[in-house]
Amino acid sequence: MVPLSSTDLVAQAHGLLGRTLHGHGVTVRLTEVEAYAGPDDPASHAATRTPRSEIMYGAPGRLYVYRSYGLHHCANVVTGPSGHAAAVLLRAGEVVDGLDLARQRRGVVDDDARLARGPGNLASALGLTLADNGADLDGDDAPRLGPPGGPGRPVVTGPRVGVASAADVPWRFWLEGETTVSAYRRNPRAPGGPGALRP
DNA sequence: TAGGCGATGACCT
DNA sequence: GGTCATCGCCTAC
């Protein structure tokens, strides 16, 4: 196994900002992501290796989709390498193509910035479901990632949203000034003090 | 097999 | 700011 340093993971997360993700008829430009380090990260689903999290232990460049609170789907990009289970949660994006379809899926017509704000909404706008779990993002079929490119504007760093463990690890990254970025909300179960895990 | 919990989001006050 | 809907997954027994 090749150890993945936190700086590499941060670089992977930064690399996804500003990049496009093509879903089922909808394309978004990623504006907010969160990094999860794998078995060493108590906030990651990969902290316990189970059939659900197994996809994160596989090859990088694949999509990990899970259902949260019985209502929403959340999408991650496995950043690997194989066996390390590092992944980046896609939290928000700007819909740049397929606006009508995204509005139809989300039922939002008055504020395009809300179409893909929040991981559940992002997955919904893209039409991502559990059926997309394990999809190869470098393949020809949707979902797939667009070509790498710079974020285009300064990247802001902050603590991760909603996690009960390691809530203070500043592995949430978003593009400065983007209206599509979701609001910060701390998990009520998270301890008040600084987290034990620091990059 | 049953019970508890969660990387959420929308609505209400 | 607070509450609640809702169900797949994990763990304990």
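Side-chain atoms are counted along with the backbone in the values below, which use heavy atoms only and exclude waters and symmetry mates. Proteins come first, then strands; the chains are lettered A, B, ... in the order of their sequence lines, and each starts at number 1.
For A/D112 and A/R106, the salt-bridge test fails: no basic side-chain N is under 4.0 Å from an acidic carboxylate O. Salt bridge status for A/R91 with A/E34: present, with a side-chain N to carboxylate O gap under 4.0 Å. Under a 4.0 Å N-O distance rule, the pair A/R29/A/E94 qualifies as a salt bridge.
Side-chain atoms of A/D132 and A/H73 form no donor-acceptor pair, as typed in the model, at a separation below 3.5 Å.
Remark: B/dA7 base-pairs with no nucleotide in the shown strands. Criterion, Watson-Crick or G-U wobble with two distances under 3.5 Å.
You can see that DNA chain B meets the heavy atoms of chain A within a 4.0 Å-exclusive cut from B/dG6 to B/dA10, reading 5' to 3'.
When heavy atoms are screened at a 4.0 angstrom cut-off, A/R189 is found touching the sugar-phosphate backbone but no base atom. When heavy atoms are screened at a 4.0 angstrom cut-off, A/S182 is found touching no nucleic acid atom at all. No engagement by A/N187 is indicated, since no non-hydrogen atom pair under 4.0 Å with the nucleic acid exists. Here A/R106 lies in heavy-atom contact (under 4.0 Å) with sugar-phosphate atoms only.
Relative to the ring axis of A/Y184, A/R172 does not place its NZ or CZ within 45° and under 6.0 Å from the centre.
Look at CD on A/E54: it is 15 Å from C1' on C/dC10, rounded to the nearest Å. The separation between A/L130 atom CG and C/dC7 atom P is 13 Å, rounded to whole Å. A straight line from CZ of A/R185 to P of C/dG2 spans 12 Å, rounded to a whole angstrom.
Using a 4.5 Å heavy-atom threshold, the side chains of A/L16 and A/L21 count as separate.
Ring pair A/Y36/A/H45: centre-to-centre distance not below 6.0 Å.
A/T180 contributes atom OG1, which lies 7.0 Å from atom CZ of A/R117 (distance to the nearest 0.5 angstrom).
The side chain of A/R52 contributes an N or O atom lying less than 4.0 Å from OP1 or OP2 of C/dC10.
Of all the residues in residues 64-72 of chain A, A/Y66, A/S68, A/Y69, A/G70, A/H72 reach under 4.0 Å from DNA chain B with at least one non-hydrogen atom.
Hydrophobic cluster membership is shared by A/L122 and A/L63, with clusters built from Ile, Leu, Val, Met, Phe, Trp and Tyr side chains linked at under 4.5 angstrom.
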